[in-house]
There are 2 protein chains.
Amino acid sequence: MPIGLALARSAKTVSRAFDDALAAAGGSLPSWLILISLKTRAHANQRELAAAIGIQGATLTHHLNAMESAGLLVRRRDPANRRVHQVTMTDEGERLFHRLRRAATDFDRQLRAGLDDGDLDALTRMLGTLAGNVATEAADPTDTFPNPAAAH
Amino acid sequence: MPIGLALARSAKTVSRAFDDALAAAGGSLPSWLILISLKTRAHANQRELAAAIGIQGATLTHHLNAMESAGLLVRRRDPANRRVHQVTMTDEGERLFHRLRRAATDFDRQLRAGLDDGDLDALTRMLGTLAGNVATEAADPTDTFPNPAAAH
DNA sequence: GGCTAATCGTTAGAGGTCTAACGTTTGTCT
DNA sequence: AGACAAACGTTAGACCTCTAACGATTAGCC
């Protein structure tokens with residue numbers, strides 16, 4: 001099996017399982033990624049938030065629409081620049097965040113079973129090599145993704 | 001960054017790049033996977049073809065509809081069992097297959113640059129560990145995916 | 001042979017994603 | 001101040017994917 005297909009398949013298996021775990025806790029992968037990004041640091045605008053999550057702005061708009069309708073967050077125009085939305089989490093969003101964080105850390109522990117730190121370092125490096133081998137100039141910067149355990 | 005997210009991100013980068021390479025050759029990732037599966041061996045029915053590709057039957061129907069409309073393949077009811085479709089590639093499908101195979105092998109070479117056989121074996125094993133850690137009983141069997149260079 | 005359960009491919013609807021284009025607002029230059 | 005380009009979030013449409021339900025056909029049992 002070509003390594004690209006092995007990668008795609010295992011990623012699909014893992015992502016679906018993660019999404020199922022988050023769904024059982026009342027959320028979804030996109031809503032988890034949005035909540036944890038909001039929780040971890042302020043973002044200058046939605047475009048920056050979308051970049052942190054790894055999706056396009058239009059996709060983020062759709063998710064934010066759903067989450068605002070569900071009462072998880074609110075969007076307000078920034079008085080200093082009316083093109084910009086400030087996105088803030090509601091109390092309900094806060095509660096969902098805590099439930100999803102639990103699910104995410106449990107899932108991460110299960111996912112890493114049988115792999116030690118050396119394995120994970122090697123895996124991360126090789127994944128980076130693969131992505132770097134095919135990335136165009138507009139590659140993703142080595143953004144430090146927030147660790148669920150560090151978000152408070 | 002949690003390993004699950006690193007996996008999802010690099011898989012997304014690689015898959016998009018592969019899809020772009022196939023698009024430049026006149027195809028797409030799903031059409032490539034369908035053509036190479038048809039080329040490699042006969043499948044008892046569409047469900048088996050879908051499983052070999054790693055998608056659901058409904059998804060395959062949509063792709064086959066598009067590819068049959070484009071003149072790449074035809075579906076005929078099996079006289080021995082009229083629930084079953086036999087899917088066969090047309091000459092046009094054959095020509096597209098050869099173009100996409102070139103693109104796929106070029107892409108695979110680029111993707112593996114800087115990784116030796118030991119690296120790739122370790123990577124494949126670790127990807128399998130991750131998927132195995134989260135898979136349910138209905139896990140994917142270790143199906144041998146066709147190698148583009150072996151398809152004739 | 002008749003009945004029922006299983007199989008097969010399809011349809012309908014929903015979720016997530018992307019690109020291109022749009023209207024509004026701000027920044028820059030003269 | 002005015003004109004134009006850039007930035008921002010949104011809209012519309014298309015692609016890929018899945019689940020659930022459906023109609024047609026076959027297999028198995030009595």
May I ask you to evaluate whether T61(B) reaches the phosphate of dT10(C), defined as a side-chain N or O under 4.0 Å from OP1 or OP2? yes
Residues passing the salt bridge (charged side-chain N to carboxylate O under 4.0 Å, His left out) test with D121(A), sequence neighbours excluded, are none
I need the CG-P distance between D20(B) and dC18(C), as an integer number of Å. 12 Å
Between dG9(C) atom P and H43(B) atom NE2, what is the distance in whole Å? 12 Å
DNA chain C: Q46(B) or T59(A), which has the more 5' nearest nucleotide? Q46(B)
Distance check needed: dT17(C) C1' versus R9(B) CZ, whole Å only. 15 Å
Tell me: CZ of R76(B) to P of dG9(C), nearest whole Å? 15 Å
Under the 3.5 angstrom rule, does the side chain of N45(B) hit a backbone N or O of V84(B) as a donor-acceptor pair? no
All N/O donor-acceptor pairs, side-chain side in residues 47-56 of chain A, below 3.5 Å, sequence neighbours left out:
from: E48(A); atom 1: OE2; to: R41(A); atom 2: NH1; distance (Å): 3.3
from: E48(A); atom 1: OE2; to: A44(A); atom 2: N; distance (Å): 3.4

Kindly write out the residues that satisfy side chain to side chain donor-acceptor pair (under 3.5 Å) with R102(A), not counting sequence neighbours, or none if the list is empty. none
Using chain A heavy atoms and a threshold of under 4.0 Å, write down where along DNA chain D the contacts begin and end, 5' to 3'. dA6(D) to dT19(D)
Whole angstrom value for the distance that separates C1' of dA14(C) from NE2 of H62(B): 12 Å
I need the CG-P distance between L64(A) and dG16(C), as an integer number of Å. 12 Å
Got a salt bridge between R109(A) and D106(A), using NZ or NE/NH1/NH2 to carboxylate O under 4.0 Å? yes
Under-4.0 Å side-chain N/O to phosphate OP1/OP2 contact, Q56(A) with dG16(C): no
Would you say CZ of R77(A) has more than 12 non-hydrogen atoms from neighbouring residues, nucleotides or ligands within 6.0 angstrom? yes
Scan I55(B) against the nucleic acid and name what it touches under 4.0 Å (heavy atoms): base, sugar-phosphate only, or nothing. sugar-phosphate
Counting only N and O atoms by type, is there a donor-acceptor contact under 3.5 Å from the side chain of D19(B) to the main-chain atoms of L29(B)? yes
Distance check: side-chain N/O of K12(B) vs OP1/OP2 of dT17(C), anything under 4.0 Å? no
To the nearest Å, give me how far apart CD1 (I53(A)) and C1' (dG16(C)) are. 13 Å
Within a reach of under 6.0 Å around CG of D117(A), are more than 12 heavy atoms found that belong to other residues, nucleotides or ligands? no
Name the pairs: protein N/O against N/O of nucleotides 26-29 of chain C, kept only if under 3.5 Å.
from: dT26(C); atom 1: OP1; to: R82(A); atom 2: N; distance (Å): 3.0
from: dT26(C); atom 1: O4'; to: R83(A); atom 2: NE; distance (Å): 3.4

Which pairs with one or both residues in residues 64-76 of chain B pass side chain to side chain donor-acceptor pair (under 3.5 Å), sequence neighbours excluded? N65(B)-R75(B), E68(B)-R75(B)
